[in-house]
Amino acid sequence: MQTSAPMCEMRQRRGLLLLLSFWVAVAVMADKTEYQTLKSAQTDYHPSTPVDRLGVRMISPVYATIPVGDKEITVALTVWLRRVGATKGPFDMPHQAKDSIRMLVWAEKPDNLHNRAFGHMILPFNHSTWRPNLLLEAAEPGPVLQVLPDKGQQPVPPKMESALRPYSLRVDLPAGVGDCFKLIETSYPKHKFPICLPPAAEDGVCSELAPPTRHNASAPALYLTIAPVRQQDVVSSTSRQCAVDPTSIRDWQQYYARWAVRLRHYVEYHLAAGAAGLLLYADELTRRYLTATPDISPFLKAKQLRLVEWDLPERSHEDDDGLGRPLGYNYDQALFAGHAWLGLSACGTNLMLLVTDLDEYLYSPRPHVRWPAPLTSCMGRPGADRTAATATSPAISDYRLLRYEVVAGDLGQDEEAEVWATKQDSSNSSSGSSSSGVSPSHPLAHYTLIYKQPLSKMHGKVMALPAADVVLFFVHEGHALYGSTHVVDSQCLVLLHVTNFFCARRKSVNPDTLQEFRHWMFYRDEAATSVQPA
């Protein structure tokens with residue numbers, strides 16, 4: 001039986017109407033659920049500037065071969081480059097007079113992308129076994145320069161040449177060499193990577209982050225930096241590590257909305273504590289969402305929050321190879337931190353950096369003492385303030401902060417993470433406004449207990465002068481090539497660690513290990529006291 005032409009045409013029209021109705025319904029549903037696409041999240045997103053990269057450029061991949069027995073293996077290098085020195089800045093250290101290019105280098109085998117220890121990437125070999133053999137070629141009549149390990153006044157301890165830490169290399173530039181070069185790894189001498197790096201004095205990074213008219217060596221701009229946000233939905237904890245819920249990691253809108261609330265809490269607090277701002281490492285997805293978030297955009301516009309471009313991918317995998325904790329959200333912790341130290345090493349002693357985490361809050365036990373007061377009053381005199389009579393030992397450039405865990409006295413362990421991800425309404429607070437500029441309803445105000453003893457010194461965090469060329473950094477410590485290291489007294493400045501910030505990592509505590517804690521920043525009374533860590 002054949003269907004007539006009019007009947008076919010009518011069925012086609014009916015099908016088109018049904019299809020149109022379907023897409024109209026989808027559009028209405030998306031509107032009702034306030035679904036936000038990447039395009040709509042792009043509102044105020046802007047092209048990158050040197051400051052967004054901290055003046056650092058990246059070349060990847062650069063291939064090299066490593067002899068192993070009677071054969072060779074191929075590794076892929078990622079090279080970050082920063083031109084430093086010769087800025088003639090008023091707060092430069094003596095070694096910064098030389099025009100140089102410093103490099104941070106990572107190597108990995110393409111056939112072993114999950115090579116790791118403690119959930120972090122590791123190199124194929126320790127530094128003492130192998131390092132890249134790089135050359136920097138200048139235009140004629142300029143030379144071809146050997147790139148060498150970065151060295152300074154303080155020799156690198158052998159134990160720090162670990163496969164967990166990226167290589168730090170350096171090449172000093174002769175006068176008149178120009179701005180453009182070609183990078184070569186000698187395994188493949190005809191593979192040349194062109195790159196142009198203007199002098200550090202011309203990129204504007206340091207003058208924007210720490211204007212010398214506003215910040216000096218006694219009152220440096222303090223920036224905190226945090227690793228990139230990686231998609232991880234917390235549902236439980238295993239061995240004190242937050243687990244991932246694989247069913248909800250594609251809900252980007254909700255994830256970044258909740259993360260933005262945590263971020264606002266963090267930035268507001270540290271600005272009130274005297275910090276100049278936060279350098280948040282962020283991939284493109286994070287940058288797009290945060291720039292479109294009303295609660296975050298004011299900090300971006302005020303340049304108190306800066307999103308440092310970091311487009312390394314998520315690198316999760318099944319934990320089925322028997323090699324221990326898999327790579328996690330912070331698999332590249334040593335690389336992001338090394339990038340920050342590298343980028344800011346062009347700046348002078350009027351800028352300091354604290355490498356930390358979102359669940360760690362800077363705290364002065366002395367009421368109403370904010371940055372930069374602790375630097376010259378109790379942390380130990382920095383190099384710029386030392387006289388010839390007192391400068392009998394290397395000046396302090398690397399400060400180690402102890403960490404104290406805090407406990408919420410009025411919240412259950414399973415409630416804490418939700419409080420941190422929830423926007424607070426200060427109008428509902430019975431305490432009125434605090435004297436610090438931070439809302440008394442800030443989540444940290446719930447934490448009324450503190451451990452009597454800090455975490456191990458080896459698990460402290462580093463606040464240092466990037467100008468001192470900090471190298472071989474891994475999570476809790478690195479090595480300053482210039483200056484000395486000093487552990488800051490706990491009565492001066494510490495970090496408060498919120499253990500259950502993302503999830504209930506710690507379910508029970510021994511009350512004998514705790515003491516009462518009252519953070520002066522959340523009380524209107526100017527005479528408020530705080531129980532100091534022991």
Side-chain angles (χ1 to χ4, degrees), residues 34 36 40-46 52 222-234 242 251-283 285-308 310 329 354 356-363 370-371 406 408 411 415-429 431-447 495-498 500-503 519 521-522:
E34 297 182 350
Q36 186 178 45
S40 63
Q42 176 68 5
T43 313
D44 297 319
Y45 193 56
H46 57 83
D52 297 321
L222 174 61
Y223 284 91
L224 301 92
T225 189
I226 291 178
V229 181
R230 294 266 164 67
Q231 195 77 12
Q232 179 160 303
D233 232 348
V234 176
C242 293
D251 190 349
W252 298 344
Q253 177 65 23
Q254 180 182 3
Y255 178 82
Y256 285 106
R258 289 169 63 82
W259 209 93
V261 174
R262 299 184 183 107
L263 183 60
R264 182 183 180 97
H265 292 321
Y266 190 89
V267 175
E268 280 185 336
Y269 173 94
H270 284 98
L271 292 176
L278 171 65
L279 306 175
L280 174 64
Y281 277 66
D283 60 27
L285 192 66
T286 305
R287 297 194 298 269
R288 286 176 178 244
Y289 270 104
L290 291 183
T291 52
T293 302
D295 279 349
I296 297 301
S297 56
F299 299 108
L300 292 170
K301 291 176 181 177
K303 299 182 178 179
Q304 297 162 327
L305 170 64
R306 294 177 184 268
L307 304 180
V308 181
W310 191 252
Y329 70 96
L354 171 60
T356 183
D357 290 316
L358 195 66
D359 57 2
E360 295 171 345
Y361 276 68
L362 195 62
Y363 171 67
R370 297 174 172 82
W371 185 265
V406 289
L411 295 174
E415 298 176 300
E416 293 181 57
E418 187 64 28
V419 168
W420 283 102
T422 303
K423 187 174 180 179
Q424 305 299 313
D425 182 4
S426 59
S427 63
N428 292 333
S429 171
S431 303
S433 61
S434 71
S435 61
S436 65
V438 180
S439 169
S441 63
H442 190 285
L444 196 58
H446 290 281
Y447 291 78
L495 284 170
L496 303 179
H497 180 222
V498 182
N500 296 331
F501 185 89
F502 290 107
C503 66
H519 196 319
M521 195 175 280
F522 303 115

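Aromatic ring centres of Tyr361 and Trp420 lie closer together than 6.0 Å.
Counting only heavy atoms from C-beta outward, the side chains of Leu358 and Trp259 approach each other to under 4.5 Å. His265 is not listed as a side-chain neighbour of Lys423, based on a closest heavy-atom distance of 4.5 Å or more. Residues Leu224 and Tyr266 form a side-chain contact, since some pair of their non-hydrogen atoms from C-beta on lies under 4.5 Å apart. Looking only at side-chain heavy atoms (C-beta outward), Leu278 and Phe299 stay at 4.5 Å or farther from each other. Using a 4.5 Å cut-off on side-chain heavy atoms (C-beta onward), Tyr289 and Ile296 make no contact. In this structure, Leu362 and Leu495 have side chains that are in contact, with non-hydrogen atoms separated by less than 4.5 Å. Residues Tyr363 and Met521 fail the side-chain proximity criterion, which asks for heavy atoms closer than 4.5 Å. Here the side chains of Pro443 and Val419 are in contact, with some heavy-atom distance below 4.5 Å.
Atom CH2 of Trp310 is separated from atom CG of Leu280 by 13.0 Å, given to the nearest 0.5 angstrom. With rounding to the nearest 0.5 angstrom, the CZ atom of Arg258 is 10.0 Å from the CG atom of Asp251. Considering NE2 of His497 and OG1 of Thr356, their distance stands at 9.0 Å, rounded to 0.5 Å.
Scanning both residues, Glu360 and His270, for their nearest heavy atoms gives O-CE1, 3.8 Å. When all heavy atoms of Val438 and Ala272 are compared, the closest pair comes out as CG2-CB, 3.2 Å. Shortest non-hydrogen contact noted between Thr291 and Ser297 is O-CB, 4.1 Å. When all heavy atoms of Ala282 and Leu307 are compared, the closest pair comes out as CB-CB, 4.3 Å. Residue Leu290 comes nearest to Leu263 through the heavy atom pair CD1-CD2, 3.9 Å, listed as atom of the first residue, atom of the second, then distance. Closest heavy-atom contact between Leu300 and Leu305: CD2-O, 3.3 Å.
No donor-acceptor pair under 3.5 Å is formed between the side chain of Asp357 and the backbone N or O of Asp359. Not one N or O on the side chain of Thr293 forms a donor-acceptor pair closer than 3.5 Å with the backbone of Asp295.
Ala417 pairs by the side-chain contact (heavy atoms from CB on, under 4.5 Å) definition with nothing, not counting sequence neighbours.
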Report the C-alpha separation of Tyr256 and Val229 in whole Å, then their side-chain angles, then the decisive distance to 0.1 Å, and conclude whether the side-chain contact (heavy atoms from CB on, under 4.5 Å) test is met.
CA-CA 9 Å; Tyr256 285 106; Val229 181; 4.3 Å; yes

Between Tyr269 and His519, is the side-chain hydrogen bond (donor to acceptor under 3.5 Å, both in side chains) condition met? List the steps.
CA-CA 12 Å; Tyr269 173 94; His519 196 319; 2.9 Å; yes

